[in-house]
S.K.: 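The following block contains the structure, expressed as structure tokens.
Only a predicted model underlies this, so the values are computations on that prediction, with no experimental measurement involved. Below, read A as the first sequence line, B as the second, and so on, with proteins coming before strands; counting in each chain starts at 1.
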There are 4 protein chains.
Amino acid sequence: MRIPIRLSEDSAEPMYHQIEVQLRSLILSGTLPTGTLLPSIRELAQDLSCSIITIRRVYQDLENEGLLRTKQGTGTFVAAVGDTEREHYRTGAVAEAFRAAIDTAMRVHLSRGETEKLFYESLNAKMPDHEGNGGPNR
Amino acid sequence: MRIPIRLSEDSAEPMYHQIEVQLRSLILSGTLPTGTLLPSIRELAQDLSCSIITIRRVYQDLENEGLLRTKQGTGTFVAAVGDTEREHYRTGAVAEAFRAAIDTAMRVHLSRGETEKLFYESLNAKMPDHEGNGGPNR
Amino acid sequence: MRIPIRLSEDSAEPMYHQIEVQLRSLILSGTLPTGTLLPSIRELAQDLSCSIITIRRVYQDLENEGLLRTKQGTGTFVAAVGDTEREHYRTGAVAEAFRAAIDTAMRVHLSRGETEKLFYESLNAKMPDHEGNGGPNR
Amino acid sequence: MRIPIRLSEDSAEPMYHQIEVQLRSLILSGTLPTGTLLPSIRELAQDLSCSIITIRRVYQDLENEGLLRTKQGTGTFVAAVGDTEREHYRTGAVAEAFRAAIDTAMRVHLSRGETEKLFYESLNAKMPDHEGNGGPNR
DNA sequence: GTGGTCTAGACCACC
DNA sequence: GTGGTCTAGACCACG
């Protein structure tokens, strides 16, 4: 199987982290359902043109998080993730990102209205709304 | 003068970066107006209980960004920042943070509604709204 | 790889600056083409008999200028520099130096002819001309 | 007497050096002839809105160079400067500046022709030539 | 007093 | 092995 992961070469973000974030998303969003056999470390490393060590670390980290399960001599599988846990994970990361963004807004003294405006600008750009509800006061 | 900067000890974020972010905000928000004499490197270092070198790096980075101006033997000052540039900077950083948050939301396949809900949860927690308008659908 | 850099010990010019100037030239002249892996910080520091920190600063400054790209755990590389940018850079630095020299000449009230004469004395000494054209009025 | 000196606030060049360079030029070019009484330290300091200490250093440095002479309780005068010495000084500084510029040109591998071209661009901009001789090959 | 440069050395994160 | 952060401390240049 081919895992859809895209790496940005010129980013300051460490390679292993980019991969982890994307793989975690694929698992938690259900795109890679429980039990899926992931590509071998060597395969994925070649696929992403990176070191085996880097992939090893990714699999290890995600196994430590309980998202993957490794069976000796067989391969690495997506572990069973409880729905509650999954839900918690999904919203947790996003809520954290919003908190960070709002912290930034507060640091430069944006008003609540300006903050909402910026949020909806980004939201409309990335998640177009087809029911005509593009802001808070409609 | 005393600069209000708060460091989080247990963060993975490098100390110098935390300071830069906050100082940049203070300048761009106008809290530290053009021409303000900043505390000396030694003073701020003692104030924040960190090395002189760390503060030196902060001041130098912000000088490279054009936000500070240092005169040897005299001190470090807030440089003149154009209003347009300032406005662009303020909203730019926040918009960037929102884009990142929404990217995360998309990666875990949150719906637009769920995303808005999370945003308003964070917003209401951090910027309480005194006019009774706490979300998009009221 | 061995980088040809020569330091003048008794100069008032800071060491880090001497290195930056020469390294910048090597990159912008194309002597170190895009993608070249530079020696590690530790290697170059030993090579030039200076502190690791001095070299670190050089690499970091040039990275801020967009001339280098560093990948943690991998090394420091020459970044892609556009030909236009490169050309602009090359002539820019030289033109700036000539403007400074001519300013000096004007400050001591040299005539245009005397200025040209001094220029050609230096030019002939450093860039011998093999076509017998050593000055303006021949 | 009022000495025509212009300081650039935003330059990285130390204030005392800017003043020295300009005062030296005024003396060596003959604008301030031998015997001229310079303004007192306090006067010049106020005139240039800088510290007395800075001016003290300027006068001291130039006295050490033999360009000024201080008489206790009387003031500071322009010293007698031999014509040879004056000539040597004038051309020396300019030649040094040209050597530096040509070094830069060589470092980025400019050809002799390109170097001459850049020189004449700067020269024509700063010392317009009224006899129609703007380059080497005319 | 101020900032600017440089040192030696430690510890961490990444590949 | 690589670069990234941080430390403590020295010495110089500037005002």
S.K.: Got a sec, which residues hit side chain to side chain donor-acceptor pair (under 3.5 Å) with E96(D), two or more places apart in sequence or on another chain?
M.R.: R99(D)

S.K.: Checking the side chain of R69(A) only, and the main-chain atoms of F77(A) only, is there a donor and an acceptor separated by less than 3.5 Å?
M.R.: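 No: the side chain of R69(A) does not pair with the backbone of F77(A).
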
S.K.: Any N or O donor-acceptor pair linking the side chain of R42(B) to the base of dG1(E) at under 3.5 Å?
M.R.: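 Side chain to base: no pair below 3.5 Å.
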
S.K.: Once you round it to whole Å, what is the distance between P of dG1(E) and CD1 of I53(D)?
M.R.: 14 Å

S.K.: Rounding to an integer number of Å, can you tell me how far L44(B) CG sits from dT2(E) C1'?
M.R.: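 One finds 14 Å between C1' of dT2(E) and CG of L44(B), rounded.
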
S.K.: Can you tell me the distance, in whole Å, between the NE2 atom of H17(A) and the P atom of dC12(E)?
M.R.: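 My rounded result for the distance is 20 Å.
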
S.K.: Are the side chain of T104(A) and the backbone of A100(A) linked by a donor-acceptor contact shorter than 3.5 Å?
M.R.: yes

S.K.: Tell me whether the OP1 or OP2 atom of dG4(F) has a side-chain N or O from T70(C) closer than 4.0 Å.
M.R.: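 For T70(C), the contact criterion (side-chain N or O under 4.0 Å from OP1 or OP2 of dG4(F)) is met.
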
S.K.: Where does DNA chain E pair, written as one dot-bracket string 5' to 3', with Watson-Crick or G-U pairs under 3.5 Å, ( ) inside the strand, [ ] for crossing pairs and | for another strand?
M.R.: ||||||||||||||.

S.K.: Taking atom NZ of K71(D) and atom OG1 of T76(D), what is their separation to the nearest 0.5 Å?
M.R.: 11.0 Å

S.K.: Assuming nearest nucleotide by heavy-atom distance, tell me which of Q72(B) and S51(C) is located more 5' along DNA chain E.
M.R.: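 Looking at the nearest nucleotide for each, Q72(B) comes out on the 5' side.
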
S.K.: Can you tell me how far P of dC14(F) sits from CD of Q18(D), to the nearest Å?
M.R.: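 Checked: the CD to P distance equals 12 Å.
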
S.K.: Starting at CD of Q46(B) and ending at P of dT7(F), how long is that distance when rounded to a whole Å?
M.R.: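 Checked: the CD to P distance equals 14 Å.
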
S.K.: Rounded off to whole Å, could you give me the CD1-to-C1' distance for the I52(C) and dA10(E) pair?
M.R.: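 Rounded to the whole Å, the gap is 11 Å.
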
S.K.: Hydrogens and angles aside, do Q60(A) and Y16(A) bring a side-chain donor and acceptor to less than 3.5 Å of each other?
M.R.: no

S.K.: State the CD1-CZ distance between I102(D) and R107(D), to the nearest 0.5 angstrom.
M.R.: 12.5 Å

S.K.: So, does R56(B) get its side chain near the phosphate of dG4(E), meaning an N or O under 4.0 Å from OP1 or OP2?
M.R.: yes

S.K.: It should be established whether T54(A) places a side-chain nitrogen or oxygen under 4.0 Å from OP1 or OP2 of nucleotide dC14(E).
M.R.: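 False: T54(A) side-chain N/O out of range (4.0 Å or more) of dC14(E) OP1/OP2.
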
S.K.: How would you label the contact of C50(B) with the nucleic acid (heavy atoms, under 4.0 Å): base, sugar-phosphate, or nothing?
M.R.: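 Sugar-phosphate: the residue C50(B), judged by heavy atoms under 4.0 Å, touches backbone atoms but no base.
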
S.K.: Assuming nearest nucleotide by heavy-atom distance, tell me which of E13(D) and I41(C) is located more 5' along DNA chain F.
M.R.: I41(C)

S.K.: Less than 4.0 angstrom between a side-chain N/O of R57(B) and OP1 or OP2 of dC6(F), yes or no?
M.R.: no

S.K.: Is there a side-chain polar atom (N or O) of T76(C) under 4.0 Å from OP1 or OP2 of dG3(F)?
M.R.: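 It does, given that an N or O in the side chain of T76(C) lies less than 4.0 Å from OP1 or OP2 of dG3(F).
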
S.K.: Side chain of Y16(C) only, please: which of dT5(E), dT7(E), dC15(E) is the nearest?
M.R.: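 My answer, after comparing the listed nucleotides, is dT5(E).
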
S.K.: Does E20(C) use its side chain to pair, donor to acceptor, with the backbone of L62(C) at less than 3.5 Å?
M.R.: no

S.K.: Please check the phosphate of dG1(E) (OP1 and OP2 only) for any side-chain N or O of S40(B) closer than 4.0 Å.
M.R.: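 Checking dG1(E) against S40(B), no side-chain N or O comes under 4.0 Å of OP1 or OP2.
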
S.K.: Just the rounded figure in Å: distance from C1' of dG4(F) to CG of D61(B).
M.R.: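 After rounding, the gap between these two atoms is 13 Å.
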
S.K.: Quick one: do R57(A) and D61(A) make a salt bridge, cutoff under 4.0 Å?
M.R.: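 So R57(A) pairs with D61(A) through a salt bridge.
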
S.K.: Measure from CD on Q60(A) to P on dC14(E) and round the result to the nearest Å.
M.R.: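 Roughly 15 Å, once rounded to whole Å.
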
